[in-house]
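All values derive from a computational prediction rather than experimental measurement.
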Amino acid sequence: MTTVETGAATAAAPRDAAPADRPPRRETGVANVFSHGFLLLWAAMTILPLAWMLLSSLKSNGEIIADPWGLPEALRFDNWARAWTNAHIGRFFFNSLVVVTGSLSLTMLLGATAAYVFARYEFRGRQVVYYLFVGGMMFPVFLALVPLFFVVRSVGLLGTWPGLILVYTAYSLPFTVFFLTAFFRTLPTSVAEAAMIDGCGHFRLFFRVMLPMARPGLISVGIFNFLSHWNQFLLPQVLIPGDGPNRMLAQGLSSLAVSQGYAGDYAQLFAGLTIAVLPVLVVYVAFQRQIQAGLTAGQLK
């Protein structure tokens with residue numbers, strides 16, 4: 001080997017060294033501090049209002065006015081009982097639970113079925129129908145309030161639970177179909193082909209094979225729809241007018257905020273707010289891992 005070749009080999013040696021021999025790269029300290037600081041700030045902005053609301057619901061009205069940021073001298077759970085019975089939060093809670101359960105079940109059934117067909121079957125006009133579904137996400141709900149009111153009233157469903165369930169389902173389907181169509185496309189085709197070879201029909205293939213495989217995606221979009229339906233205020237306010245017994249929880253809380261604001265019973269108001277927020281927190285904490293798995297499943301596959 002000549003001197004030139006030896007020098008070239010020596011110069012190339014550091015570049016061809018194994019990656020394990022190279023020193024690990026360290027993250028930039030400023031970026032690391034900034035990201036952690038932002039996360040801490042975001043956590044504080046989320047947790048502190050919830051903690052303040054919970055503590056205020058366990059105080060007396062005098063304690064809330066005299067020391068709004070202090071701890072309660074005694075835990076007054078009777079505030080929750082008064083909000084549940086006197087303010088009729090219990091009845092509104094039950095109404096919302098029935099409507100959200102019905103709308104969520106119907107949304108997931110229709111959305112999963114339509115998304116599976118769009119993702120797995122080829123037919124004429126498939127893209128057109130799919131884009132019609134997805135286009136519903138770009139239509140703001142407040143633009144359709146007036147015609148929606150007259151349509152629901154013309155079919156005799158104004159002020160009823162079935163009318164609200166159907167409207168919730170219609171406005172949740174675009175996002176559900178969009179989300180689940182992308183998720184069904186990530187599922188392995190070989191499993192479906194093996195099930196068809198074993199004699200599995202289309203309906204059985206969907207309900208017994210593909211639907212269980214899409215469980216992470218179903219849970220994720222189901223949680224999003226639950227939060228949207230549970231916190232909905234505009235649609236119930238328009239489609240369930242008046243002070244009837246079929247009002248939703250958001251309507252009841254709005255009336256409670258007005259009445260108790262003038263009456264000065266802030267403890268009962270905070271108790272009602274806490275009762276309304278608790279189901280959302282419980283659902284999110286219980287299904288936190290499933291939500292993350294559903295959002296990242298398509299990328300991992």
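- Between the side chain of N61 and the backbone N or O of A267 there is at least one donor-acceptor pair closer than 3.5 Å.
- One distance of note links CD of E193 with CG of L205; it measures 10.5 Å at 0.5 Å rounding.
- L256 places none of its side-chain heavy atoms less than 4.5 Å from the side chain of H88.
- Within the 4.5 Å cutoff, side-chain heavy atoms of I89 are placed close to those of L253.
- Side-chain atoms of L249 and N95, non-hydrogen and from C-beta on, never get closer than 4.5 Å to each other.
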Decide yes or no on ring-ring contact (aromatic ring centres under 6.0 Å, His included) for F133 and F118, but give the supporting numbers first. CA-CA 11 Å; F133 266 104; F118 289 139; 5.7 Å; yes
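- Within a 6.0 Å radius of CZ in R204, no more than 12 heavy atoms belonging to other residues, nucleotides or ligands are found.
- In this structure a side-chain-to-backbone donor-acceptor pair under 3.5 Å is present from W52 to P68.
- The heavy-atom pair separating P147 from L143 by the smallest distance is CD-O, 4.3 Å.
- Once rounded to the nearest 0.5 Å, the distance linking OG1 of T169 with CG of L104 reads 9.0 Å.
- Using a 4.5 Å heavy-atom threshold, the side chains of S220 and F183 count as separate.
- Between the side chain of S103 and the backbone N or O of V100, at least one donor-acceptor pair lies under 3.5 Å.
- At distances below 3.5 Å, not a single donor-acceptor pair connects side-chain atoms of D78 with backbone N or O atoms of A81.
- Formation of a donor-acceptor pair under 3.5 Å by the N246 side chain with backbone atoms of I240 is not found in this model.
- W161 is listed as a side-chain neighbour of M248, based on a closest heavy-atom distance under 4.5 Å.
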Show your reasoning for whether side-chain contact (heavy atoms from CB on, under 4.5 Å) applies to N79 and Q268. CA-CA 5 Å; N79 296 334; Q268 185 176 351; 5.7 Å; no
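- A pairwise comparison of heavy atoms in M108 and L218 identifies CE-O, 3.4 Å as the closest pair.
- Linking ILVMFWY side-chain heavy atoms closer than 4.5 Å, directly or via other members, places L273 and W69 in a single hydrophobic cluster.
- Taken together through direct or relayed side-chain contacts under 4.5 Å among Ile, Leu, Val, Met, Phe, Trp and Tyr, F178 and L109 form part of one hydrophobic cluster.
- Nearest heavy-atom pair, L281 versus L50, reported as atom, atom and distance to 0.1 Å: CD2-CD1, 4.1 Å.
- Scored by the side-chain hydrogen bond (donor to acceptor under 3.5 Å, both in side chains) test, Y121 finds H202 as partners (sequence neighbours excluded).
- Both M196 and F123 belong to a single network of hydrophobic side chains, linked directly or stepwise wherever heavy atoms of I, L, V, M, F, W or Y lie under 4.5 Å apart.
- No more than 12 heavy atoms of other residues, nucleotides or ligands lie within 6.0 Å of CZ in R208, so this atom counts as exposed by the packing criterion.
- A cation-pi arrangement is absent between R82 and F270 under the rule of less than 6.0 angstrom and at most 45 degrees off the ring axis.
- A distance of 10.5 Å separates CG of L269 from CE of M53, quoted to the nearest 0.5 Å.
- In this structure, F233 is not a member of the same hydrophobic cluster as L97, with clusters built from ILVMFWY side-chain heavy atoms closer than 4.5 Å.
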Is there a side-chain contact (heavy atoms from CB on, under 4.5 Å) between V167 and V152? Walk through the geometry before answering. CA-CA 9 Å; V167 173; V152 174; 4.1 Å; yes
Decide yes or no on side-chain contact (heavy atoms from CB on, under 4.5 Å) for Y171 and L148, but give the supporting numbers first. CA-CA 12 Å; Y171 274 96; L148 188 62; 4.1 Å; yes
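- Within the 4.5 Å cutoff, the side chain of P72 has heavy atoms near those of the L75 side chain.
- There is no path of hydrophobic side-chain contacts, each under 4.5 Å, that joins L164 to V151.
- Of all non-hydrogen atoms in Q232 and P236, the two that sit nearest each other are CG-CD, 3.5 Å.
- Here the straight-line distance linking atom CD of Q127 with atom OH of Y130 works out to 8.0 Å at 0.5 Å rounding.
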Go through the steps to decide whether R247 and S255 satisfy the test side-chain hydrogen bond (donor to acceptor under 3.5 Å, both in side chains), and finish with yes or no. CA-CA 11 Å; R247 289 190 300 168; S255 301; 2.9 Å; yes
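- L157 approaches L166 most closely through the heavy-atom pair CD1-CD1, 4.0 Å.
- Between F175 and F224, the ring-plane angle classifies as perpendicular under the 30° and 60° cut-offs.
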W230/Y168 under ring-ring contact (aromatic ring centres under 6.0 Å, His included): CA gap, chis, key distance, verdict: CA-CA 10 Å; W230 186 264; Y168 278 6; over 10 Å; no
Might you work through the side-chain contact (heavy atoms from CB on, under 4.5 Å) test for E63 and S60, ending with a clear yes or no? CA-CA 5 Å; E63 291 176 339; S60 64; 3.3 Å; yes
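- Atoms CG and CG, on L106 and N225 in that order, are 11.5 Å from each other to the nearest 0.5 Å.
- The heavy-atom pair separating P212 from F207 by the smallest distance is CD-O, 3.6 Å.
- Using cut-offs of 30° and 60° on the angle between ring planes, the pair F38 and F34 is parallel.
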Between W80 and S57, is a side-chain hydrogen bond (donor to acceptor under 3.5 Å, both in side chains) present by the stated rule, with each step listed? CA-CA 7 Å; W80 293 29; S57 68; 3.2 Å; yes
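- Looking at K59, its side chain does come within 3.5 Å of a backbone N or O of D67 through a donor-acceptor pair.
- Using a 4.5 Å cut-off on side-chain heavy atoms (C-beta onward), M210 and L187 make contact.
- Hydrophobic cluster of L71: the remaining members, joined at side-chain heavy-atom separations below 4.5 Å, are L55, listed by chain and number.
- Taking CG from L235 and CZ from F142, the interatomic distance works out to 12.5 Å, rounded to the nearest 0.5 Å.
- Side-chain atoms of R153 and F150, non-hydrogen and from C-beta on, do get closer than 4.5 Å to each other.
- In the hydrophobic clustering (ILVMFWY side chains linked at under 4.5 Å, chained through shared members), M45 is joined by L41.
- Listed for the S254 side chain is no donor-acceptor partner under 3.5 Å among the backbone atoms of A250.
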